Q: 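Handing you a structure now.
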Amino acid sequence: MTFHRRRDLVFPYLEYIPDTNSSWNPCQEPLRFNETEIQRALSCMARENNMYVVANIGDKQPCKQTTDNLCRPDDHYQYNTDVVYDPSGKMVAKYHKYNLFFEDQFDQPQDAETVTFDTPFGRFGVFTCFDILFEHPPIDLISKHGIQNIVFPTAWMDAGPFFTSVQFHSAFAAGLGTNFLAANIHWPESRFHGSGIYTPDGAAAYYYNTTIGSTAMLVVKEIPVLRQPQDANVLHHQPKQSNYTGTQFNLFHQQPKQSHQKTAPSKVFRHQSKQSDYKTAPSKVFRAVLFDDTFNLVQLGQPSGIQDVCHNNLCCSVSYQYNSTAIGKDCFAVGAFDGLHTYEGSYYLQICTLIRCINTEDKPVCTDRPDATTDQDLISFKMHGNFSTPYVYPEILLAGQEDFTLASYPRHWTFQDGRLKATRPFHDPLAVATLFGRWYSRDRDEKAKPTNQS
């Protein structure tokens, strides 16, 4: 399998996809539009099996440079497209991917569409792959349209330690309280793997197999129906930092003082302590590059305790207990990053992470692969931070014997008021636990500024 990123090489595989207002059923009207064999097959699949079918294909739309100054010299647009067919075979939704990931073969649509479709088991929103990292359209679907169910075709390449497919997709569901159906391609030779059915209560079912030559699997699970919330404004567009108070929080383990301002999906912890209040001695802080960002980290060196670390305006705190008092080949460290991520995309992150590292005489070695050894484990931990954004996604990734795994369903760890808490060990050793914060409005503000490290 290869990905062609030239327009001319992809073009023969594209089909013209009409708008949904055409009321077209490709299975019943196969000759209505020319060269639509893929759409006809998908439509008949839905009709013959009495089910909804969502698929990702390529769309070609004609245009004329004489009347459209954005039209390409080849007189057509090419879009990365999701299509949806209902149980009768009728096409009921079409979505053009907005946030492209080095996809020169496709055009970016002018606007980020919020595309939904109704079923007897709730209203669904649809977007694809790299879209998940951005405000538009994912947060628009949830905040403006009250969508509680997402279907997500993707070609997702794993990237540790925060972007393993099952890790991040399950965190999106938990952080925003949605059902999230992720269908990934299975191409383990190039790190494409991991599909699942994720709910606010954890991963109901998933398939993750990194073995070269392994086959894909269909993931099936019955899960609770989520309807639209009574208050569709349960999520808000992010206010400017200057007029947003959220929850006042003293990092160093005092009870938070609640404000009356409504926030969602998690409480916002505003930074109240100065760097001079930083409890960890500077000599204990070390740095490591995780997913091409330089984190400040502090080793959890004692059998139990509380440890803090800060980076720029973000401070993270972990209370923990190891399963052994002996020093092993590995350890855990708490890390913080607050800045603009610029590797393979540009987006602003605030991250608190509890990551497994390798012990050395000098300092722990923390890498993008946090499962090199599993000598020690944690009995319990609690982690929180003074995030400036309400959009925080809780990740739990375990180190299984052969592959990464997720916590059992329904999950016994909790994420409430911005705090990630596990009160007992998992069925596999913990690889990394993360509070992954996205400060969407800072994407635009910070693109032209260098990322400061402190």
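This one's a predicted model, so the numbers in the text were calculated from it and none came from an experiment.
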Q: Are any side-chain N or O atoms of Thr211 and backbone N or O atoms of Ser214, one a donor and one an acceptor, separated by less than 3.5 Å?
A: no
Q: Show the numbers, then the answer: is there a salt bridge (charged side-chain N to carboxylate O under 4.0 Å, His left out) between Asp131 and Lys97?
A: CA-CA 7 Å; Asp131 283 327; Lys97 183 181 178 185; over 6 Å; no
Q: Looking at CG of Asn80 and CD1 of Ile57, how far apart are the two atoms once the value is rounded to the nearest 0.5 Å?
A: 10.5 Å
Q: Answer with yes or no whether the side chains of Asp308 and Ser317 bring together a donor and an acceptor at under 3.5 Å.
A: yes
Q: Tell me whether Glu189 at atom CD has more than 12 heavy atoms from other residues, nucleotides or ligands lying less than 6.0 Å away.
A: yes
Q: Side-chain contact, heavy-atom cut-off 4.5 Å: Tyr320 with Gln302?
A: yes
Q: Between Lys94 and Glu113, does at least one N-O distance fall below 4.0 Å, as a salt bridge requires?
A: no
Q: Please answer whether the main-chain N or O of Lys284 pairs with a side-chain N or O of Gln299 as donor and acceptor at a distance below 3.5 Å.
A: no
Q: Closer than 3.5 angstrom, by distance alone: can the side chain of Asn179 be matched with the main-chain N or O of Thr199 as a donor-acceptor pair?
A: no
Q: So Leu420 and Ile396, side-chain contact (heavy atoms from CB on, under 4.5 Å) or not? Walk me through it.
A: CA-CA 9 Å; Leu420 178 59; Ile396 296 285; 4.1 Å; yes
Q: Could you check Asp338, Asp443, Thr389 and say which one makes a side chain to side chain donor-acceptor pair (under 3.5 Å) with Tyr348?
A: Asp338
Q: Dump the intermediate steps for ring pair (Phe, Tyr, Trp, His ring centres under 6.0 Å) on Phe295 and Phe337, then the final yes or no.
A: CA-CA 5 Å; Phe295 279 67; Phe337 175 77; 5.4 Å; yes
Q: Run the numbers on Leu378 and Asn323 for side-chain contact (heavy atoms from CB on, under 4.5 Å), then give the verdict.
A: CA-CA 5 Å; Leu378 295 174; Asn323 64 346; over 6 Å; no
Q: Is the backbone N or O of Phe332 less than 3.5 Å from a side-chain atom of Tyr322, with the two atoms forming a donor-acceptor pair by type?
A: yes
Q: Are any side-chain N or O atoms of Ser143 and backbone N or O atoms of Ile139, one a donor and one an acceptor, separated by less than 3.5 Å?
A: yes
Q: Is the distance from the ring center of His412 to that of Phe426 below 6.0 Å?
A: yes
Q: Would you mind reporting whether Leu430 and Leu398 have side-chain heavy atoms less than 4.5 Å apart?
A: yes
Q: Test your reading of the model: is there a side-chain donor-acceptor pair from Ser346 to the backbone of Thr342, 3.5 Å cut-off?
A: no
Q: Which of these, Leu397, Val432, Thr210, sits in a side chain to side chain contact (heavy atoms under 4.5 Å, CB included) with Phe404?
A: Leu397
Q: Can you list the steps and then say if Cys352 with Phe436 is a side-chain contact (heavy atoms from CB on, under 4.5 Å)?
A: CA-CA 7 Å; Cys352 292; Phe436 188 97; over 6 Å; no
Q: Counting only N and O atoms by type, is there a donor-acceptor contact under 3.5 Å from the side chain of Asp368 to the main-chain atoms of Phe291?
A: yes
Q: Would you say Thr154 and Asn184 are linked by a side-chain donor-acceptor pair, where the criterion is simply a distance under 3.5 Å?
A: no
Q: Please step through side-chain contact (heavy atoms from CB on, under 4.5 Å) for the pair Val83 and Leu42, ending with a clear verdict.
A: CA-CA 9 Å; Val83 288; Leu42 294 169; 4.1 Å; yes
Q: Could you tell me whether the side chain of Thr128 and the main chain of Pro153 form a donor-acceptor pair under 3.5 Å?
A: yes
Q: What is the minimum heavy-atom distance between Tyr198 and Ala173, and which atoms define it?
A: CB-CB, 3.8 Å
Q: I need the Glu135 CD to Asp140 CG distance, nearest 0.5 Å.
A: 6.0 Å
Q: Is the NZ or CZ atom of Arg438 positioned over Phe134's six-membered ring, under 6.0 angstrom from the centre and within 45° of the axis?
A: yes
Q: Are the side chain of Asp59 and the backbone of Leu14 linked by a donor-acceptor contact shorter than 3.5 Å?
A: no
Q: Do the cysteine sulfurs of Cys310 and Cys316 sit under 2.5 angstrom from one another?
A: no
Q: In a check of side chain to side chain contact (heavy atoms under 4.5 Å, CB included) between Leu435 and each of Arg419, Met383, Glu395, which one passes?
A: Met383
Q: Does the structure place the NZ or CZ of Lys421 under 6.0 Å from the centre of the six-membered ring of Phe415, at an angle of no more than 45° from the ring's axis?
A: no
Q: To the closest 0.5 Å, what do you measure between CG (Leu297) and SG (Cys357)?
A: 6.5 Å
Q: Please determine whether a side-chain nitrogen of the Lys or Arg among Asp158 and Arg191 lies less than 4.0 Å from a carboxylate oxygen of the Asp or Glu.
A: no
Q: On the 0 to 90° scale, with breaks at 30° and 60°, tag the His169-Phe180 ring pair as parallel, tilted or perpendicular.
A: tilted
Q: Work out which heavy atom in Ile355 is nearest to a heavy atom in Pro370; give both atom names and the distance.
A: CG1-CB, 3.7 Å
Q: Taking Phe124 as the fixed residue, which of Phe152, Phe117, Tyr95 is the one that meets the ring pair (Phe, Tyr, Trp, His ring centres under 6.0 Å) rule?
A: Phe117
Q: Out of the candidates Phe192, Tyr207, Tyr208, only one should pair with His186 under the ring pair (Phe, Tyr, Trp, His ring centres under 6.0 Å) rule; please name it.
A: Tyr207
Q: Determine whether the aromatic ring centres of His193 and Trp156 lie less than 6.0 Å apart.
A: no
Q: For Tyr77, enumerate each residue passing the side-chain hydrogen bond (donor to acceptor under 3.5 Å, both in side chains) test, keeping only those at least two apart in sequence or located in another chain.
A: Asp68
Q: Indicate yes or no: does Asp330 engage Arg356 in a salt bridge with an N to O separation below 4.0 Å.
A: yes
Q: Could you check whether atom OH of Tyr343 has more than 12 heavy atoms from other residues, nucleotides or ligands sitting under 6.0 Å from it?
A: no
Q: Charged N to carboxylate O below 4.0 Å: is that the case for Arg6 and Asp8?
A: yes
Q: Say whether, by atom type as modelled, one donor and one acceptor occur between the side chain of Gln167 and the main chain of Pro161 under 3.5 angstrom.
A: yes
